[in-house]
Amino acid sequence: MGSVSLKIGDGTARFRRATLWSSAANLLMVFSVLTTNLFALYAFMYSPTHHKNHNQLHAHKNISLISEHLALIIKEIDTSQKKLAQMERDLLGYDTIDISRPIVPPELKLFLNPHPLPLGKDSRSGITQMVSSVGHACHRSIDLLSQYMNYKVGGACPDHSALAQKLLSRGCEPLPRRRCKGWEAARKINGSEIGVDCVGCFRVVKGRSKNDFVVDDVLGLGGIGRVKIGLDVGGGSGEFAARMAEKNVTVITLAMNVDGPFNEFIAARGMFPLHMSLDQRLPFYDNVFDLVRGGGLVPGDGGRAEKLEFLMFDIDRVLRAGGLFWLDNYYCADEERKRTLTRLIERFGYKKLKWVVGEKLHPAGTGKSQVYLSAVLQKPPRGVH
């Protein structure tokens with residue numbers, strides 16, 4: 001989910017969520033100050049005719065007082081503008097936490113420090129220094145982040161894979177770079193590493209139902225032509241990437257090690273894993289993929305409907321016009337969830353090439369059936385607005 005640069009020059013980093021109520025109260029306060037001063041100025045300058053001679057005698061004094069009053073109003077306006085700017089920062093979610101706390105290791109401070117460009121100001125971008133960044137939500141996990149950045153410089157990195165996973169799951173991404181050597185250990189995929197919700201995740205061949213589309217059938221839809229590159233969102237064990245590799249198609253698989261060592265497993269199969277959560281913007285340029293597949297339970301779709309919207313609009317951004325979005329077994333917890341997704345898809349104007357709603361048994365073997373939606377959608381061409 002987005003990142004924010006942290007400047008350490010004053011020993012602070014800015015983060016905090018402000019409430020809408022406090023911002024509204026501040027805005028009302030600023031408005032009241034401005035209104036009061038304007039009425040005071042009007043009352044001060046107003047002069048009845050029967051006091052004309054008296055005012056003429058004291059005109060020079062009044063002008064001086066008015067000038068002083070105007071200066072005060074200008075000062076109030078300047079203060080109000082600063083308060084409004086702070087309100088804007090609050091609404092964006094920033095405030096101040098002390099990055100000079102004893103628990104914060106020197107490596108984290110060093111990473112976050114601005115680094116001047118060796119040749120001075122860049123003529124194209126106008127910048128004079130490079131500012132490193134970490135995830136916006138890292139302020140909520142400063143203790144864990146400090147632990148992650150605590151290592152011997154130049155030595156072997158501690159095995160912080162579980163810690164990194166926890167930070168990513170809390171929205172602390174991208175993580176800061178580290179100056180230690182990556183550790184290497186032979187890892188064996190075994191049952192103890194696989195979560196209860198991941199039963200069958202590493203099976204290369206799965207049982208079929210009407211919701212399980214055949215790759216060749218999907219590629220034959222919509223007259224898409226030659227497919228060269230694809231993206232698998234929440235691709236589990238990389239099975240889709242492996243099947244597409246047989247057709248000389250390169251697929252990047254987004255995976256988190258939540259219920260098992262997915263990234264290691266995908267790499268062991270010769271595929272390309274990308275370790276990131278779907279709360280972060282997809283790190284790809286616009287309109288580059290011929291095919292995007294959202295597999296199973298699309299990550300990031302829980303809670304508010306807006307969260308799913310952010311994900312879907314980002315998928316739309318990286319998918320080229322005429323490309324295919326394959327929604328593969330999207331779990332519909334209830335009818336409302338299915339309607340929400342359907343309405344969202346209709347907003348994009350995608351052509352429905354295939355649309356199947358059906359029941360499947362729970363993958364954990366509980367004997368209970370669940371409703372899933374599978375669809376193949378084609379992105380329409382759009383003009384520049």
Legend entry - is_close_aromatic(Y372, Y330), centroid dist under 6.0 Å: no
Inset, instruction - Show your reasoning for whether side-chain contact (heavy atoms from CB on, under 4.5 Å) applies to L324 and L353. - result: CA-CA 9 Å; L324 300 180; L353 303 179; 3.6 Å; yes
Legend entry - Side chain to side chain, E173 and L167, heavy atoms closer than 4.5 Å: no
Inset, instruction - Could you tell me which non-hydrogen atom of P380 sits nearest to which non-hydrogen atom of A321, and how far apart they are? - result: O-CB, 4.1 Å
Legend entry - Exercise: identify the closest heavy-atom pair between Y151 and P158: CB-CD, 3.7 Å
Legend entry - Side-chain H-bond candidate by donor/acceptor type, H275 with Q165, under 3.5 Å: yes
Legend entry - Heavy-atom donor-acceptor pair, R269 side chain to S237 backbone, under 3.5 Å: yes
Inset, instruction - Check whether more than 12 heavy atoms from other residues, nucleotides or ligands sit under 6.0 Å from atom CZ of R339, and answer yes or no. - result: yes
Legend entry - Check: D328 main-chain N/O paired with S374 side-chain donor or acceptor under 3.5 Å: no
Inset, instruction - Look up atom CZ in F262 and atom CE in M256, then write down how far apart they are to the nearest 0.5 Å. - result: 11.0 Å
Inset, instruction - Can you tell me which residue pairs pass the salt bridge (charged side-chain N to carboxylate O under 4.0 Å, His left out) test with a partner in residues 219-235, sequence neighbours excluded? - result: D232-R293
Legend entry - side chain to side chain donor-acceptor pair (under 3.5 Å) against R343, all qualifying residues, sequence neighbours excluded: E336
Legend entry - Cation-pi check, K379 onto F325 ring (under 6.0 Å, within 45° of axis): no
Legend entry - Closest non-hydrogen atom pair between C180 and A156, with its separation: CB-C, 4.2 Å
Legend entry - F348 ring center within less than 6.0 Å of F313 ring center: yes
Inset, instruction - First locate atom CE of M149, then atom CZ of R178, and finally report the distance between them rounded to the nearest 0.5 Å. - result: 7.5 Å
Inset, instruction - State whether a side-chain donor-acceptor pair under 3.5 Å links Y350 with Q378. - result: no
Inset, instruction - Could you grab the distance from atom CG of L274 to atom CD1 of I266, nearest 0.5 Å is fine? - result: 9.5 Å
Legend entry - From OG1 (T340) to CG (L344), nearest 0.5 Å: 9.0 Å
Inset, instruction - Using a 4.5 Å cut-off on heavy atoms from C-beta on, say whether the side chain of L108 contacts that of L145. - result: yes
Inset, instruction - Step by step, work out the side-chain contact (heavy atoms from CB on, under 4.5 Å) result for N257 and E264. - result: CA-CA 9 Å; N257 286 17; E264 294 93 326; 2.9 Å; yes
Inset, instruction - Would you please test D217 and L221 for side-chain contact (heavy atoms from CB on, under 4.5 Å) and show each step? - result: CA-CA 7 Å; D217 292 346; L221 297 172; 5.8 Å; no
Legend entry - Residue pair L144 / C138, side-chain heavy-atom distance below 4.5 Å: no
Legend entry - V153 side chain near E107 side chain, heavy-atom distance below 4.5 Å: yes
Inset, instruction - Decide yes or no for R320 and V288: does some side-chain heavy atom of the first lie under 4.5 Å from some side-chain heavy atom of the second? - result: no
Inset, instruction - Please indicate whether K352 has more than 12 foreign heavy atoms, meaning atoms of other residues, nucleotides or ligands, lying under 6.0 Å from its NZ. - result: yes
Legend entry - Distance in Å, M271 CE paired with N263 CG, rounded so as to fall on 0.5 Å steps: 14.0 Å
Inset, instruction - Would you check if V251 and F272 make a side-chain contact, meaning some heavy-atom pair closer than 4.5 Å? - result: no
Inset, instruction - Find the distance between CZ (R281) and CZ (R317) and round it off to the nearest 0.5 Å. - result: 3.5 Å
Inset, instruction - Evaluate the side-chain proximity of L291 to M244: yes if any heavy-atom separation is below 4.5 Å, no if none is. - result: yes
Inset, instruction - Apply side-chain contact (heavy atoms from CB on, under 4.5 Å) to the pair W355 and V376, showing each step before the final yes or no. - result: CA-CA 7 Å; W355 187 278; V376 180; over 6 Å; no
Legend entry - Electrostatic pair R382-D316, nearest N-O below 4.0 angstrom: yes
Inset, instruction - Could you check if a side-chain atom of I127 sits within less than 4.5 angstrom of a side-chain atom of K121, using non-hydrogen atoms only? - result: no
Inset, instruction - Describe, in one word, how the ring planes of F213 and W326 are oriented to each other, choosing from parallel (under 30°), tilted (30 to 60°) and perpendicular (over 60°). - result: parallel
Inset, instruction - For residues I229 and V249, report the shortest heavy-atom separation together with the two atoms involved. - result: N-CG1, 4.1 Å
Inset, instruction - Measure across P105 and N150 and return the closest heavy-atom pair with its distance rounded to 0.1 Å. - result: CG-N, 4.3 Å
Legend entry - Reference residue L231; test side-chain contact (heavy atoms from CB on, under 4.5 Å); the match among L254, L319, I315: L254
